[in-house]
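Worksheet: one structure, shown below.
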Amino acid sequence: MIQRFTKGLLPTVKETPADATNASHKLLLRGGFVRQVGAGIYNFLPLGLRVLRKIENVVRQEMDRSGAQEVLMPALLPADYFRETGRWDLYGDVLLRIKDRKGGDYHLGPTHEEIVTDMVRREVKSYRQLPLNLYQIQTKFRDEPRPRGGIMRGREFTMKDAYSFDVDEAGAVTSYETMREAYKRIFTRLGLTFRIVQADSGAIGGKTSAEFQILADSGEDAIVACTHCDYAANVEAAEVAAPVAAAPPATLEAITKVHTPGKGGIADVAAFLKRGADQFVKSLLYVVVKAGPGAEKTTEVVMACVRGDHEVNEIKLQNALGALEVHLASEADVWKATSAKVGYAGPVGFAGKVVVDRHAAVIVDAVTGANETDHHVTGVNFSRGDYQAVIADLRQAAEGDDCPKCGTKGGFKAYKGIEGGHIFILGTHYSSKMKCHFVDEKGAEKPIVMGCYGIGVSRLVASAVEQHHDADGIRWPMAIAPYHVYLCTLANDEATTAAGQALASALEAQGVDVLWDDRDERPGVKFKDADLIGCPIRVTIGKKTLDQQACELKLRNPAPGTDPKAFELVPLADAATRIAGLVRG
RNA sequence: CGGGGCGUAGCGCAGCCUGGUAGCGCACUCGGUUCGGGACCGAGGAGUCGGAGGUUCAAAUCCUCUCGCCCCGACCA
């Protein structure tokens with residue numbers, strides 16, 4: 001299609017809006033792709049919508065290709081469905097609740113497990129109707145505690161969510177693998193650099209899950225990936241290779257109390273005692289909340305120990321303890337538990353439960369807090385039984401750690417990622433609760449085994465910009481560019497306009513989308529906007545090129561090593577075919 | 001929810017401390033000169049100073065309350 005600049009709403013701005021912090025937010029605002037309506041709520045202007053639709057179409061094609069069927073569920077939902085699975089209460093403030101005129105409880109859908117499950121239980125009765133995979137591309141609502149980054153994390157956003165239904169676990173695994181492959185094709189076609197990453201499944205349940213992380217420095221998620229094998233994981237979930245036990249030395253130091261006045265932090269004590277941080281056992285006190293025997297919750301203060309130069313991964317701690325939640329104890333709680341100021345806790349002589357990370361447990365002659373203000377103890381050895389503790393993998397993975405899969409020393413490299421997709425095997429969590437059953441070939445009634453698969457479609461718009469931009473603006477990958485070609489006609493005389501119209505029409509005939517800058521503006525203004533909006537191909541027709549019956553062809557993202565200012569003079573007669581070739585890749 | 005910041009013209013900001021005619025740049029309108037990387041000159045239009053209440057002869061400015069937005073931390077596509 002052809003869009004004339006003067007006939008549309010294409011409001012580019014020179015100045016960066018003050019609210020925007022990351023590159024994608026700034027550029028999407030400046031380029032006239034989106035505008036804010038409220039916190040985490042955005043208008044998609046024509047350019048932004050075109051990008052969104054192009055992404056949707058790629059997603060739709062690959063979902064259909066993988067055998068999934070598109071449906072559309074309501075965004076406005078009666079509370080009953082979430083009540084069936086308990087999520088009406090569990091979801092908390094993120095659920096955007098509404099009352100209708102009769103006072104009935106409703107909410108706007110943050111995700112649709114319950115609704116599809118209901119849809120399927122009404123219609124599916126037999127194993128003969130399975131497997132199924134249903135998806136939708138739809139607006140979701142989550143009252144995020146903190147929306148940020150423009151459309152990166154909105155309270156209203158477009159998501160593709162798919163749900164698979166299988167007769168058994170093996171079938172669910174097959175569905176999951178099919179989606180994993182479909183997702184790979186989608187992210188690849190969209191021109192995104194990504195890693196498939198092991199993730200914590202969270203409270204949704206289900207042990208198998210993977211995140212599709214789009215690599216970007218501005219990403220909110222920290223991930224680690226092995227440089228030698230395909231192991232990659234969100235740091236929340238990343239395993240760390242177990243330490244190799246060194247041969248125990250012939251003699252161990254005796255436990256000795258030392259005076260360390262005012263040296264609460266690891267760095268301070270390490271410097272004071274002239275010992276490396278890796279010789280310390282860092283002891284943190286956590287309030288651990290567990291489900292009691294009934295509906296009530298119980299809390300307990302637990303000491304978590306990691307090596308001085310390591311960090312505690314609270315999700316691992318939570319999982320290791322089978323807890324509902326864990327959070328750092330307050331100063332008062334620390335006093336109560338250790339009779340000392342914060343900074344002097346240690347496992348030796350500690351009355352409560354202690355969990356120690358594997359890497360902290362193997363330290364020979366370690367230093368720890370003495371549970372007495374301004375004192376530490378040295379010569380602590382877990383191997384000798386100096387303290388009692390449960391050993392677990394507690395530490396946060398970091399760059400330079402050993403790979404747990406292939407064992408490569410220092411194999412972990414750290415990245416930042418944007419969670420673009422997440423795939424889960426749900427099992428029968430929802431189908432059991434909602435009695436979504438089928439009858440198998442032997443006549444037995446069983447819950448359907450489910451999986452769910454999300455892609456943050458509107459988030460991908462921003463993610464693509466994070467990966468593809470420079471100081472001048474966006475550099476859209478061809479597959480999702482709002483228009484393939486930015487056509488600049490530098491004069492508004494009859495000859496130039498006619499040449500522009502002829503080229504635009506010829507391109508349109510070949511299926512190329514053209515944004516024609518026909519404004520009465522100086523060339524500099526047009527070039528700046530062309531760079532900002534970021535169409536992959538810029539074509540310029542001016543008096544100089546017209547004299548040669550030619551146009552100028554310039555790529556927004558030229559091959560590395562080529563002069564970024566270079567352009568090619570192409571005869572007008574050949575231009576459309578030439579450009580269409582570039583568009584098709 | 002904890003902490004920090006900001007609401008003044010469409011956008012970016014100054015003015016507030018020390019109350020007294022609301023200002024600058026960009027954008028916009030008109031006229032002219034320009035015309036290959038965000039031109040220049042001249043003239044103009046545009047603001048309930050987020051809202052409510054209070055103090056005062058007088059409030060953008062001081063006080064109280066309120067709404068909105070942004071940023072940093074715990075949650076998630």
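In what follows, every chain begins at residue 1, and chains take the letters A, B, ... in the order their sequences are listed.
- Between A:Trp476 and A:Phe33, the gap from one ring centroid to the other is short of 6.0 Å.
- With respect to A:Lys433 and A:Glu113, no salt bridge is recorded, no charged nitrogen being found less than 4.0 Å from a carboxylate O.
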Identify all pairs in which a protein N or O lies below 3.5 Å from an N or O of nucleotides 67-73 of chain B, and state each distance.
unit_1: B:C69; atom_1: OP1; unit_2: A:Ala39; atom_2: N; d: 2.9
unit_1: B:C69; atom_1: O3'; unit_2: A:Gln36; atom_2: NE2; d: 3.2
unit_1: B:C69; atom_1: O2'; unit_2: A:Asp19; atom_2: OD2; d: 3.3
unit_1: B:C70; atom_1: OP1; unit_2: A:Gln36; atom_2: NE2; d: 2.7
unit_1: B:C72; atom_1: OP2; unit_2: A:Arg146; atom_2: NH1; d: 3.0
unit_1: B:C72; atom_1: OP2; unit_2: A:Arg146; atom_2: NH2; d: 2.6

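- Residue-level contact check: A:Gly421 touches the backbone only, with heavy atoms under 4.0 Å from sugar-phosphate atoms and none from bases.
- Backbone-only contact: A:Gly420 has heavy atoms under 4.0 Å from sugar-phosphate atoms and none from a base.
- Between A:Arg185 and A:Glu62 a salt bridge is recorded (basic side-chain N to carboxylate O distance below 4.0 Å).
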Check the interface with nucleotides 36-42 of chain B: list each N/O to N/O pair with the protein under 3.5 Å, or write none.
unit_1: B:G36; atom_1: N1; unit_2: A:Glu552; atom_2: OE2; d: 2.5
unit_1: B:G36; atom_1: N2; unit_2: A:Glu552; atom_2: OE1; d: 2.4
unit_1: B:G36; atom_1: N2; unit_2: A:Glu552; atom_2: OE2; d: 2.5
unit_1: B:G37; atom_1: O6; unit_2: A:Arg538; atom_2: NH1; d: 2.7
unit_1: B:G37; atom_1: O6; unit_2: A:Arg538; atom_2: NH2; d: 3.2
unit_1: B:G37; atom_1: N1; unit_2: A:Asp531; atom_2: OD2; d: 3.1
unit_1: B:G37; atom_1: N1; unit_2: A:Arg538; atom_2: NH1; d: 3.4
unit_1: B:G37; atom_1: N2; unit_2: A:Phe527; atom_2: O; d: 3.4
unit_1: B:G37; atom_1: N2; unit_2: A:Asp531; atom_2: OD2; d: 2.2
unit_1: B:G38; atom_1: O2'; unit_2: A:Lys14; atom_2: NZ; d: 3.4
unit_1: B:G38; atom_1: O6; unit_2: A:Arg30; atom_2: NH2; d: 2.8
unit_1: B:G38; atom_1: N1; unit_2: A:Asp529; atom_2: OD1; d: 3.1
unit_1: B:G38; atom_1: N2; unit_2: A:Asp529; atom_2: OD1; d: 3.2
unit_1: B:G38; atom_1: N2; unit_2: A:Asp529; atom_2: OD2; d: 3.2
unit_1: B:A39; atom_1: OP2; unit_2: A:Arg522; atom_2: NE; d: 3.4

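- A:Glu70 and A:Arg60 are joined by a salt bridge, as a carboxylate oxygen and a charged side-chain nitrogen come within less than 4.0 angstrom of each other.
- A:Gly154 comes within 4.0 angstrom of a nucleotide base, judged by non-hydrogen atoms across all strands.
- Nucleotides B:G7 and B:C16 are separated by 14 Å at their C1' atoms, to the nearest Å.
- When every heavy atom of A:Pro147 is checked against every heavy atom of A:Glu144, the shortest pair comes out as CD-O, 3.8 Å.
- One atom, CG of A:Leu29, and another, P of B:G12, lie 10 Å apart when rounded to the nearest Å.
- In summary, the side chains of A:Gln61 and A:Arg189 do present a donor paired with an acceptor at a separation below 3.5 Å, with no hydrogens or angles considered.
- Using a cut-off of 4.0 Å between Lys/Arg side-chain N and Asp/Glu carboxylate O, A:Asp161 and A:Lys140 are scored as salt-bridged.
- At the heavy-atom level, A:Asp221 lies under 4.0 Å from base atoms of the strands shown.
- Close placement of the A:His107 and A:Phe82 rings is indicated, their centers lying within 6.0 Å of each other.
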